[in-house]
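Presented below is the structure to which this report refers.
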Amino acid sequence: LAFGDDAGSSHQHVHYGYQDMEQLSLDPTQANHAPNESSVLPHGSGVYAEPTQEAEHHAAPLYPPIPQIPSPLPQQQTALHGGLANFAQDLDIFRLSMPETVQGTPQQQQQFTCVVMPAEKVHTASSVPGMTESYHAYAIVTRTALPSWPSHECRVVRRFKDVVALSDALAAALPGCMLPARPKRDALGARRAGPDFLEARRAALERYLNRLARHAQAASSEVVQVWLAAADVDVRACAAWARLQPPAPCSAKSLRRLLKQLVGRGPAAPTASEAARPAADSGDVLRMARERLAALQGVTKAVPPSPLERELRDEAARLEEVRRLLGGLAAKGGALAAAVRSAAAATSDMARALEGLAAYEQGHGRSAEAALEAGAAVGMAQVAGARTQAAAQAAAQLAPVADLLAATPGALGALEARERALLTALTLEHDLARAQAGLEAAQAPGAAAAARVASLTASTAALAEAAGAARGEYSRLAARNAEEVRAWRGGMRADLLGAARGLAGAQAASAEREQALWLDLHARLSALACADAGTAPWSLAEVEQQL
């Protein structure tokens, strides 16, 4: 590629390998670097730069299109190939459904790295005297260069209840953020606690924590830092963790407040801090009822939305479509993994059948044939093992698709938080307009006593402060939603491309391994056929020629 200044007078050249171009086309997260003069980049270096305006001075295109990677799959319509084709088709449909205006920004830089160790069983004293309780806990090692952390490497032990507490605390501390979805609860699997379940949960927890590390707001939050750095065995009993938890609403306190408001002795307006939070969090039942009534009356739809609000509402509709497409993509990915597992099971059955045939031959005194058939059974078992490993790799590579699907309801919830804040602001502004009108009427000569005017003035001022706080919270959430949408799009694109690319690489490596095993098995079976016919066995070159 040639680079020059705006006038096209000076030129620099840089050479790229094929994999460098492939990385340029697939990886949007790498930083651009201007090449040195006459620089030659090594194969796979990943350093590249964007074209300049020099292309405008040439009639012929200076930058040729990146060549398409040929498909390594054969054309026969097997179940495995059909699964791959269905997954690829859904991935292409998903890509085409994303408007160019909302493609998103590149994925956020990872602020720390978490490694989750295999689960260990922990025994503790039970609340019942003489009894013990047991659960599985995971050691988590976090490495970071952030100066705000107490150490560059932290090690804690957490159980799954702590993961639930982390997810809930982040949702409360970061409203409007499109946070990753934590691993799902599985009470039945937790009771059985088999090796496969524990490893799947460990891998899911590691992906969740590293996704948090790539989320700008979550990675820099004190909630995550305390959870990953506090050495307490039970983080929920940690003082620093308890300080970060929002106050839980009290039913009795909410009831007392409602009764006072109904008889005119309670505050007519929420405080500024209460107006900046959902009514359910502050326990204001009367405000919850007013907002519900305003929602039924369509208050938010009656007010003309701002351009940003209109775009965010459109984004919510697009996100619903994304959830539908991700569901189809995850289903096709599951069918693909199931097809690989089915092929592995069928191959394993064939290996056992060959073992039975070898035992039959051995029982009838045909030791030579039995030895060859036993060897063929071993080769078939090796192929089954390779396919089983390929199934596990396919499931691991497709895990980000399931993670994205699980995170979509949370992303929609982040947009709904902004809509609730807008409803709160509009409701309070409507109450403020009525209060101001009542104050103006009371201030008319002879309309009301001075005490009444003073009371209305105080309540109007309180409503004005609450409405201003609610409007400010809405503006903050709208700006956060816009930023989160861009980051979500960029992260989703990177995750899907990474999943597809990882799946292709894993399947290519598995196909190469299988081919070598099949060739060896073919040679074994050819030797068996030649022994029966009394001819010389084929050489490996002859086997490859026959194939």
Please report the shortest heavy-atom distance between W149 and T142, naming the atom on each side.
CZ3-CG2, 3.9 Å
Q110 (side chain) donor-acceptor with R214 (main chain) under 3.5 angstrom:
no
Note, L354 side chain near V378 side chain (heavy atom, < 4.5 Å)
no
Taking A216's backbone N and O only, do any of them form a donor-acceptor pair with S220's side chain (distance below 3.5 Å, no angle check)?
yes
Is a side-chain N or O of E206 found less than 3.5 angstrom from the main chain of V116, in a donor-acceptor match?
yes
CG of D234 to CZ of R158, rounded to nearest 0.5 Å, is 8.5 Å
Holding to side chain to side chain donor-acceptor pair (under 3.5 Å), I want the full list of residues that pass it with R476, two or more places apart in sequence or in another chain.
E473
Whether over 12 other heavy atoms sit under 6.0 Å from E512 CD:
no
Let me confirm one number: the CE-CE distance from M350 to M380, rounded to the nearest 0.5 Å.
3.5 Å
So V485 and M178, do their side chains get closer than 4.5 Å, heavy atoms only?
yes
For L209 and W227, what are the C-alpha separation, side-chain angles and deciding distance, and is it a side-chain contact (heavy atoms from CB on, under 4.5 Å)?
CA-CA 11 Å; L209 294 176; W227 197 89; 3.9 Å; yes
Between the side chain of S342 and the main-chain N/O of A339, is any donor-acceptor distance below 3.5 Å?
no
Verify salt bridge (charged side-chain N to carboxylate O under 4.0 Å, His left out) between R420 and E291, making sure each step is shown before the conclusion.
CA-CA 9 Å; R420 288 194 300 270; E291 291 181 2; over 6 Å; no
Output the distance between atom OH (Y138) and atom CG (L205), rounded to the nearest 0.5 Å.
7.5 Å
Output all residues satisfying salt bridge (Lys or Arg N to Asp or Glu O under 4.0 Å) with D168, sequence neighbours left out; order by chain, then residue number.
none
Are the side chain of Q225 and the backbone N or O of S148 linked by a donor-acceptor pair below 3.5 Å?
yes
Between C238 and A230, which heavy-atom pair has the shortest distance, and what is it?
SG-CB, 4.1 Å
Under 3.5 Å, is there a donor-acceptor pair between the side chain of N481 and the main chain of G176?
yes
Could R201 and F160 be counted as a cation-pi pair, given that NZ or CZ must be under 6.0 Å from the ring centre and within 45° of the axis?
yes
Quick one: pull up CG in L477 and CZ in R418 and give me the separation to the nearest 0.5 Å.
8.5 Å
With no hydrogens and no angle check, just 3.5 Å: does a side-chain donor-acceptor pair link Y474 and E309?
yes
Is the number of heavy atoms from other residues, nucleotides or ligands within 6.0 Å of CZ (R310) greater than 12?
yes
On a heavy-atom basis, the closest approach of A478 and L312 is O-CD1, 3.7 Å
Looking only at non-hydrogen atoms, find the nearest pair between Q397 and A506 and report the distance.
CG-CB, 4.3 Å
Kindly indicate whether the side chain of L329, heavy atoms from C-beta on, has any atom under 4.5 Å from the side chain of L405.
no
Verify side-chain contact (heavy atoms from CB on, under 4.5 Å) between L174 and R480, making sure each step is shown before the conclusion.
CA-CA 10 Å; L174 300 173; R480 176 176 286 180; 4.3 Å; yes
Nearest heavy atoms of S510 and A390, plus distance in Å:
OG-CB, 3.1 Å
For a quick check under 3.5 Å, do T347 and R387 share a side-chain donor-acceptor pair by atom type?
yes
Looking at W241, is R236 sitting on its ring face, NZ or CZ under 6.0 Å from the six-membered ring centre and within 45 degrees of the normal?
no
Could you check whether E311 pairs with R318 (Lys NZ or Arg NE/NH1/NH2 to Asp/Glu carboxylate O, under 4.0 Å)?
yes
Heavy-atom closest pair (V401 atom, A499 atom, distance to 0.1 Å) is CG2-CB, 4.3 Å
Can you check whether V163 reaches P183 side chain to side chain, under 4.5 Å on heavy atoms?
yes
Does E320 have more than 12 heavy atoms from other residues, nucleotides or ligands lying within 6.0 Å of its CD?
yes
Please report the C-alpha distance between Q507 and L503 in whole Å, then the side-chain angles of each, then the deciding distance to 0.1 Å, and finally whether the side-chain contact (heavy atoms from CB on, under 4.5 Å) criterion is met.
CA-CA 6 Å; Q507 293 298 311; L503 177 64; 3.9 Å; yes
Could you tell me if H215 and Q111 have a donor-acceptor pair between their side chains, going purely by distance under 3.5 Å?
no
Does a sphere of radius 6.0 Å around CE in M288 hold more than 12 heavy atoms from other residues, nucleotides or ligands, not counting ones at 6.0 Å or beyond?
yes
Should L179 and Y208 be marked as a side-chain contact (heavy atoms from CB on, under 4.5 Å) after you check the CA-CA gap, both sets of side-chain angles, and the distance that decides it?
CA-CA 10 Å; L179 298 168; Y208 171 65; over 6 Å; no
Is there a side-chain contact between N210 and C114 in this structure, where contact means two heavy atoms from C-beta onward sitting under 4.5 Å apart?
yes
Answer whether the closest heavy-atom distance between the side chains of P180 and D403 falls below 4.5 Å.
no
Measure the spacing between CG of D495 and CG of L404 and express it to the nearest 0.5 Å.
5.0 Å
Does CZ belonging to R159 count more than 12 external heavy atoms closer than 6.0 Å?
yes
Check: T300 and R313 side chains under 4.5 Å, non-hydrogen atoms
yes
To the nearest 0.5 Å, atom CH2 of W518 lies from atom CZ of R513 at 13.0 Å
For E199, enumerate each residue passing the salt bridge (Lys or Arg N to Asp or Glu O under 4.0 Å) test, keeping only those at least two apart in sequence or located in another chain.
R202
Measuring only between side-chain heavy atoms, which start at C-beta, is L319 closer than 4.5 Å to T408?
yes
